[in-house]
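When a ligand or atom number is given, it counts from 1 through the structure's own listing order. Worth knowing before you read on, the calculation uses all heavy atoms, side chains too, and leaves out hydrogens, waters and symmetry mates.
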Amino acid sequence: MLILVTGAGGFIGHCLVKKLKADGETVIAADWKYPEFERSPADRFFNVDLRYKEETEAIFRSCGQFDEVYNLAANMGGMGFIENYRALIMRDSVLISTNVLEAARKYQARRFFYSSSACAYNTELQKDLNNPALSEDMAYPAMPEAGYGWEKLFSELLCQYFREDYGLVTRVARYHNVYGPNGTWRGGREKAPAAMCRKVILTASKGEIEIWGDGKQQRSFMFIDDCVEGTLKIMRGDYPHPLNLGSDELVEINHLADIAMSFEKKHLTKKYIEGPLGVRGRNSDNSLIQKVLGWRPSISLNTGLEKTYFWIKGEIETLRAQGVGLEASSEIPEVTDKRYVG
Ligand code: NAD
Ligand code: GDD
């Protein structure tokens, strides 16, 4: 098959490209940056800004009809990024989603995949601990995560309307917090699993690590291999509406930190500080995807986090050998790159 993956310089996009190449497909990659940690195995890499229609269409004009288009490009990150850059996130990702979907329609792609998020769900249902897990019908009435979540709902609907009005086959996954090797682990866009690993690795024994809030917030975390496998199942399956793609192993952030500490038997004190918190408790209800596609996650948090921890440790050792200074504590990213602010 001829396949386009946008966001192929990012975490999930790059891992998907690797899987598709391993399966023998012809893969075209698009992103405005190359993967940070490894070379992309894509057959061709378009270094383009997908916020611009012309740059987006140039890919389709040059490659012809795609069998599959996976749109994973977005301006995104963990809570530290999402809470601080609402305008940027919503503007950029609305433009990207619209351009890629429109080009897929115009150049008659056979199938289109959109990576939505658990942040599309109604936040009113996520205010407590031990909330019922989120099932697909809980996105409406809509009150998603500010900025980022509204863009996700908008793009989900755009996919639905393009399917209904133009006959483009569209598929949508609502990813729940994805982690693993090759994911962002520093700089402020990282999510809690990578942040906890980095903090533990960079803190000397008997030291303390910072945790935003009281650490009692609950989440579920999906390992990247499960995410890639589930993405392919959703894309190639018959179910046209949004589906959860996540783990249903619910943990407190405190416990996530404990697991990270367990790999090298570190005993660190948790220091609770103010920070961007997001919802209080969120879990994925996987009943529907299990019913319609027979998918369920197969990698436990302990197993996946151990792989991630030692991958981050390897990256830290490489950077240290190059004399790069590294911080354990969390930062809110400062977005100074002109491309982001226009
Ligand atoms: P990521 O940030 O690692 O990858 C996104 C990629 O999009 C980046 O490489 C970035 O350079 C690229 N991009 C951004 N703006 C661009 C532009 N204007 N032109 C070209 N490329 C551009 O993120 P990810 O974790 O790989 O996420 C992939 C998708 O999955 C996103 O849509 C994200 O919202 C969604 N998602 C991810 C998670 C998660 O936990 N990782 C959870 C829910 C949803
Ligand atoms: N990132 C991060 N870094 N989070 C921390 C830290 C830290 O150092 N310390 C505590 N936390 C807490 C956050 O305050 C939040 O309550 C929880 O850990 C989870 O934070 P994130 O992993 O950053 O994000 P999220 O789960 O709220 O949302 C993420 O997942 C969505 C899908 O489920 C985001 O990455 C969204 O982009 C994504 O769509």
Is it the side chain (CB and beyond), the backbone, both or neither of A195 that lies under 4.0 Å from ligand 2, heavy atoms counted? side chain

Note: ligand 1 atoms sitting under 4.0 Å from heavy atoms of G10 are 3 (O), 4 (O), 8 (C), 9 (O)

Test side chain to side chain contact (heavy atoms under 4.5 Å, CB included) on F310 and K313; report intermediate values, then the result. CA-CA 5 Å; F310 287 105; K313 195 170 178 204; 4.3 Å; yes

Test side chain to side chain contact (heavy atoms under 4.5 Å, CB included) applied to V48 - qualifying residues, sequence neighbours left out: A30, F46, L50, E55, I59

Any heavy atom of Y148 sitting closer than 4.0 Å to ligand 1? yes

Judged by heavy atoms only, the candidate from S117, G188, G77 nearest atom 37 (O) of ligand 2 is G77

The option among I12, D49, I89 carrying the non-hydrogen atom nearest to atom 27 (O) of ligand 1 is I12

For L72, is the nearest heavy atom under 4.0 Å from an atom of ligand 1? yes

Please state which part of K152 comes within less than 4.0 Å of ligand 2, counting heavy atoms only: side chain, backbone, both or neither. neither

Subset of ligand 1 atoms that lie under 4.0 Å from at least one heavy atom of V178: 39 (C), 40 (O), 41 (N)

So for H176 against ligand 1, with non-hydrogen atoms under 4.0 Å, the contacting part is neither

Taking heavy atoms and a distance under 4.0 Å, where does I82 meet ligand 2: side chain, backbone, both or neither? side chain

Judged by non-hydrogen atoms, does K152 sit under 4.0 Å from ligand 1? yes

For atom 32 (O) of ligand 1, state which one of S97, G183, G246, S115 supplies the nearest heavy atom. S115

Any idea which of C119, A74, G9 brings a heavy atom closest to atom 5 (C) of ligand 1? A74

Min over K199, K270, E190, R219 of heavy-atom distance to atom 1 (N) of ligand 2 lands on E190

Ligand 2 versus N177: contacting region, heavy-atom distance under 4.0 Å: both

Under 3.5 Å: donor-acceptor pair, side chain of T170, backbone of C159: yes

When you look for heavy atoms under 4.0 Å from ligand 2, do you find them on the side chain of K191, its backbone, both, or neither? both

Show the atoms of ligand 2 that are less than 4.0 angstrom away from any heavy atom in M76. 37 (O)

Taking atom CD of E252 as the centre, does the number of heavy atoms from other residues, nucleotides or ligands within less than 6.0 Å exceed 12? yes

Is I96 near ligand 1, meaning one of its heavy atoms is under 4.0 Å from it? yes

Sub-4.0 Å heavy-atom contact, N71 with ligand 1: no

Under-4.0 Å heavy-atom contact with ligand 2, by part of Y148 that carries it: side chain

Name all pairs fulfilling the side chain to side chain donor-acceptor pair (under 3.5 Å) condition that reach into residues 288-299, sequence neighbours left out, sorted by first residue then second. D226-S298

Determine, for R174 against E156, whether the closest basic-nitrogen to carboxylate-oxygen distance falls under 4.0 angstrom. yes

Of N254, L277, D214, I89, the residue with the heavy atom nearest atom 16 (O) of ligand 2 is L277

Is ligand 1 less than 4.0 angstrom away from at least one heavy atom of A30? no

Check each heavy atom of E145 against ligand 2 and say whether those closer than 4.0 Å belong to the side chain, the backbone, both or neither. neither

